[in-house]
Peer 1: 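Submitted below is the structure of interest, expressed as structure tokens.
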Amino acid sequence: MLFQTSYKDLQDHSYGPLPEGDYEFVIKSVAENATKSGAESIQFNLVVRNDLDQAMPETNGKYHNRQLWVDEWKRRATNQYEVNNLMYFMQAAGIPEGTPINTMEDFFQIMTGKPVRIHIKVEDNTYNGKTTQINRPAPWDWEKSQFPQVAHQFKQKQTPKPQQQTPVFNNPQPQDQSPLPF
């Protein structure tokens, strides 16, 4: 026998929202973003941890490695981020009380790689007359991880195999090998 069918370990690879529940994430990256119309946000790229499959079989176990992007938008009235919301994020990430944050880069750096627990809800979102379901966790839905030791393994980007170079226009002359000035 070559193999036997068994579908119990298949994972959902849809691009729909994560089902409601509590998930443990690791913050993969944090950066500032802007829309074409100029609205600015801090965007968190979160990944469902893959080191908690057995501890959390119904959430992390089924959806590990799924990504979730969460935006914290600048307020139009003040053109500033809501500092209290940033405090919820930092408290959930375990940033010690009194830690100075001097620049946005400091904030991005201190948050990247931290584990957080987020209560995920599914809600309807209507845009341009079309309603879809999305995850949009509020800052107060973030809390400290119940598993602060992170053993998550990020997927490695596959590097393409080097292809054999073909001579340009079949020109057999050797290329100049001197270093480039940049």
Side-chain angles (χ1 to χ4, degrees), residues 11-12 14-35 37-128 130-152 154:
Q11 295 178 14
D12 178 13
S14 72
Y15 292 102
L18 290 168
E20 292 193 14
D22 293 320
Y23 292 80
E24 292 277 342
F25 291 89
V26 64
I27 301 172
K28 183 176 181 181
S29 64
V30 185
E32 202 160 23
N33 246 348
T35 65
S37 65
E40 294 176 272
S41 72
I42 295 172
Q43 186 173 72
F44 295 87
N45 180 352
L46 302 149
V47 178
V48 176
R49 290 173 55 180
N50 58 21
D51 57 336
L52 300 173
D53 288 3
Q54 293 176 348
M56 302 178 71
E58 293 303 309
T59 53
N60 284 59
K62 287 184 179 178
Y63 299 97
H64 64 239
N65 295 326
R66 283 275 304 267
Q67 292 190 49
L68 176 69
W69 287 268
V70 175
D71 288 294
E72 175 60 28
W73 296 94
K74 270 189 179 177
R75 302 300 178 253
R76 288 186 181 148
T78 63
N79 199 35
Q80 299 292 316
Y81 294 108
E82 181 64 47
V83 175
N84 275 350
N85 289 352
L86 301 181
M87 294 301 137
Y88 281 114
F89 302 137
M90 290 188 294
Q91 182 180 37
I95 308 304
E97 179 83 25
T99 300
I101 308 296
N102 297 314
T103 65
M104 288 307 291
E105 281 300 319
D106 287 350
F107 177 75
F108 302 156
Q109 189 171 27
I110 201 167
M111 295 295 290
T112 300
K114 299 293 190 286
V116 293
R117 183 178 188 88
I118 301 177
H119 179 70
I120 296 295
K121 294 177 269 195
V122 178
E123 61 184 53
D124 288 339
N125 181 55
T126 303
Y127 181 73
N128 285 341
K130 183 179 178 186
T131 300
T132 58
Q133 290 192 315
I134 62 167
N135 300 127
R136 187 181 304 149
W140 45 89
D141 290 332
W142 293 47
E143 54 188 62
K144 284 186 179 180
S145 172
Q146 293 182 357
F147 304 91
Q149 300 300 319
V150 178
H152 176 85
F154 285 98

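Since the structure is predicted, the reported quantities are computational estimates derived from the model, not experimental observations. In what follows, residues are counted from 1 in the order of the sequence shown.
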Peer 1: Do the non-hydrogen side-chain atoms of Val30 and Ile42 ever get within less than 4.5 Å of each other?
Peer 2: yes
Peer 1: Would you check if the side chain of Arg136 reaches a backbone N or O of Ile120 as a donor-acceptor pair within less than 3.5 Å?
Peer 2: no
Peer 1: Taking only distance into account, with no hydrogens and no angle test, what donor-acceptor pairs under 3.5 Å do side-chain atoms of residues 68-76 form with protein atoms, sequence neighbours excluded?
Peer 2:
{"unit_1": "Asp71", "atom_1": "OD1", "unit_2": "Ser41", "atom_2": "OG", "d": "2.9"}
{"unit_1": "Asp71", "atom_1": "OD1", "unit_2": "Gln43", "atom_2": "NE2", "d": "3.3"}
{"unit_1": "Glu72", "atom_1": "OE2", "unit_2": "Arg75", "atom_2": "NH2", "d": "3.2"}
{"unit_1": "Glu72", "atom_1": "OE2", "unit_2": "Asn85", "atom_2": "ND2", "d": "3.0"}
{"unit_1": "Lys74", "atom_1": "NZ", "unit_2": "Glu40", "atom_2": "OE1", "d": "3.2"}
{"unit_1": "Arg75", "atom_1": "NH1", "unit_2": "Trp73", "atom_2": "O", "d": "2.6"}

Peer 1: Starting from the C-alpha separation in whole Å, work towards a yes-or-no answer on side-chain contact (heavy atoms from CB on, under 4.5 Å) for Val116 and Leu46.
Peer 2: CA-CA 9 Å; Val116 293; Leu46 302 149; 4.1 Å; yes
Peer 1: Once you round to the nearest 0.5 Å, how far does CG of Asp141 lie from CD of Glu143?
Peer 2: 8.5 Å
Peer 1: Tyr88 and Glu82: side-chain donor and acceptor closer than 3.5 Å?
Peer 2: no
Peer 1: Are side-chain heavy atoms of Met90 and Met111 found at a separation under 4.5 Å?
Peer 2: yes
Peer 1: Show your working on side-chain contact (heavy atoms from CB on, under 4.5 Å) between Ile95 and Lys114 and close with a plain yes or no.
Peer 2: CA-CA 9 Å; Ile95 308 304; Lys114 299 293 190 286; 3.9 Å; yes
Peer 1: Quick check: are there more than 12 heavy atoms from other residues, nucleotides or ligands sitting under 6.0 Å from CD of Glu97?
Peer 2: no
Peer 1: For a 4.5 angstrom cut-off between non-hydrogen side-chain atoms, does Asp22 reach Arg117?
Peer 2: yes
Peer 1: Looking only at the side chains, is there a donor atom on one of Asn45 and Gln67 sitting less than 3.5 Å from an acceptor on the other?
Peer 2: yes
Peer 1: When you measure from the side chain of Thr126 to the backbone of Lys130, do you find a donor-acceptor pair of N or O atoms at a distance under 3.5 Å?
Peer 2: no
Peer 1: Not counting sequence neighbours, list each pair that qualifies as a ring pair (Phe, Tyr, Trp, His ring centres under 6.0 Å) and has a residue in residues 89-114.
Peer 2: Phe44-Phe89, Phe89-Trp142
Peer 1: Please tell me if the side chains of Pro19 and Tyr63 come closer than 4.5 Å, counting only heavy atoms from C-beta onward.
Peer 2: yes
Peer 1: Looking at residues at least two apart in the chain, or sitting in another chain, which of them share a ring-ring contact (aromatic ring centres under 6.0 Å, His included) with Phe154?
Peer 2: His152
Peer 1: Do Asn125 and Thr131 make a side-chain contact, defined as non-hydrogen atoms from C-beta onward lying under 4.5 Å apart?
Peer 2: no
Peer 1: Any idea which heavy atoms bring Pro115 and Pro148 closest together, and the distance?
Peer 2: CG-O, 3.9 Å
Peer 1: Could you tell me whether Glu105 atom CD has more than 12 heavy atoms of other residues or ligands within 6.0 Å of it?
Peer 2: no
Peer 1: Are side-chain heavy atoms of Arg49 and Tyr23 found at a separation under 4.5 Å?
Peer 2: no
Peer 1: Tell me yes or no: between the side chains of Ser29 and Thr112, is some donor less than 3.5 Å from an acceptor?
Peer 2: no
Peer 1: With a 4.5 Å limit on heavy-atom distance, are the side chains of Val48 and Asn65 in contact?
Peer 2: no
Peer 1: Test your reading of the model: is there a side-chain donor-acceptor pair from Asp106 to the backbone of Asn102, 3.5 Å cut-off?
Peer 2: yes
Peer 1: Could you tell me whether the side chain of Asn135 and the main chain of Leu18 form a donor-acceptor pair under 3.5 Å?
Peer 2: yes
